[in-house]
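Numbers here are sequence positions counted from 1. Values reported hereafter were calculated over all heavy atoms of this structure, with side chains retained and with hydrogens, waters and symmetry mates removed. Order of listing sets the numbers, starting from 1, for every ligand and every atom in it.
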Amino acid sequence: MAKLIDGKAIAAEIRAEIAAEAREFQEKNGVAPGLAVIIVGENPASQVYVRNKHRACEEVGFRSFGYELPADTDEEALLALIDKLNHDKAVHGILVQLPLPAHLDEEKVLLAISPEKDVDAFHPYNVGRILIGNYDFLPCTPAGVMELLARSGIEIAGKECVVVGRSNIVGKPQALLLLEKNGTVTVCHSRTKDLAAVCRRADILVCAIGKPEFFTAEYVKKGAVVIDVGMNRRPADGKLCGDVDFAAVEPIAAAITPVPGGVGPMTITMLLKNTFTAARKQGAK
Ligand code: GUN
């Protein structure tokens, strides 16, 4: 039986630490860390994520500022709002919820966020800093995975790490972070030949492809650590599930993250951490 990596419990532990530090921060500086969240349009999944971000801020004593813009907002108006927030001293972090409506240029919008307030770490300046290992912010999901591994006492140095998925938000930065911790890293994707054989080499397998229960027992070496970044609906019953077939893989793995309750709760926790870092960097103690 695998050890269950309890993301919910680990996230709660970190949020309690952040809340305690936020109280101290507020006493010293007279302000709380502040996060602005912009959502354009009415994508229901995005609305849930944004609500959870506001709630998480409230829970740890941060200020959050919500901007709900109509789906037909033009680029100029969105860029003007970002510019205003870039200059607002009460706002330490700015997040534009993705995806944006098709008529908006995502790259241009993300470039407009001041790198010091870029708590998603999506700005090319911050991406470059991650590449050279000198960063203030890490993208929230891969940072959450690293925190789960660290707090579960899982050693990375010298281990065979296989990351499946090469998105800018998860796969690519995940590979860099594992490399930074001296893992031997392989990145797999849709064109990888004999994916199962490559995955079976992994001591640490990170699954981030967005396909419900794709990773079955044949993808996993006995005793591997399996991290499931997927958040899907199972076609059979519409229930939440990961990229990993949990029932099939759990008996083989040494440790595994469940879905829900694994990586998911860590993502917003890392957003809080980045917002705190931004507040500290912007002159407050
Ligand atoms: N949409 C889905 N995930 C994310 C995320 O991590 N940040 C933002 N800004 N939008 C998202």
Side-chain angles (χ1 to χ4, degrees), residues 7 11 14 34-57 62 64-69 71 73 75 78-79 81-82 85-86 91-102 104-127 130 135-148 165-174 176-177 206-210 227-233 240 242-243 259-260 262-278:
I14 299 170
L35 173 68
V37 181
I38 303 172
I39 178 170
V40 185
E42 296 185 351
N43 178 319
S46 292
Q47 286 173 322
V48 172
Y49 291 137
V50 165
R51 208 175 309 133
N52 288 340
K53 288 170 187 178
H54 288 302
R55 197 173 296 151
C57 282
F62 288 8
S64 73
F65 307 87
Y67 296 87
E68 289 161 24
L69 308 183
T73 298
E75 198 165 275
L78 179 55
L79 294 178
L81 172 60
I82 292 171
L85 296 171
N86 280 341
V91 172
H92 304 105
I94 302 169
L95 179 151
V96 177
Q97 188 64 31
L98 303 178
L100 287 169
L104 295 168
D105 181 343
E106 197 168 287
E107 201 175 332
K108 197 167 167 188
V109 169
L110 295 179
L111 263 174
I113 298 172
S114 166
E116 302 85 65
K117 298 192 177 187
D118 171 36
V119 287
D120 261 329
F122 290 168
H123 191 291
Y125 172 81
N126 287 319
V127 175
I130 293 163
Y135 48 77
D136 292 318
F137 306 121
L138 290 175
C140 300
T141 300
V145 170
M146 298 307 286
E147 199 67 54
L148 282 180
R166 54 173 157 178
S167 70
N168 289 335
I169 296 180
V170 182
K172 284 187 208 169
Q174 189 70 73
L176 284 174
L177 297 184
V206 181
C207 304
I209 61 170
I227 305 292
D228 190 350
V229 182
M231 180 63 77
N232 316 297
R233 294 267 167 206
L240 273 184
D243 289 352
V259 176
V263 175
M266 295 299 290
T267 298
I268 294 182
T269 306
M270 295 299 103
L271 174 66
L272 297 172
K273 186 174 167 193
N274 283 345
T275 303
F276 213 153
T277 302

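Within 6.0 Å of CD in E42 there are 12 or fewer heavy atoms belonging to other residues, nucleotides or ligands. For CD of Q47, the number of neighbouring non-hydrogen atoms (other residues, nucleotides, ligands) closer than 6.0 Å is greater than 12.
Side-chain N or O atoms of N86 include one that pairs as donor or acceptor with a backbone N or O of A112 at under 3.5 Å. No side-chain donor-acceptor contact under 3.5 Å links D243 to the backbone of D228. Side chain of N126 to backbone of P115: a donor-acceptor contact under 3.5 angstrom is found.
Of the heavy atoms in V96, only backbone atoms (N, CA, C, O) come closer than 4.0 Å to ligand 1. Of all the heavy atoms of L98, the ones lying under 4.0 Å from any atom of ligand 1 are found in both the backbone and the side chain.
Protein heavy atom closest to atom 9 (N) of ligand 1, with residue, atom name and distance, is D120 OD2, 2.6 Å. Protein heavy atom nearest atom 11 (C) of ligand 1, with residue, atom name and distance: Q97 NE2, 3.3 Å.
Near L95, meaning under 4.0 Å from one of its heavy atoms, ligand 1 places the atoms 9 (N).
Ligand 1 lies within reach of F122, whose nearest heavy atom is under 4.0 Å from it.
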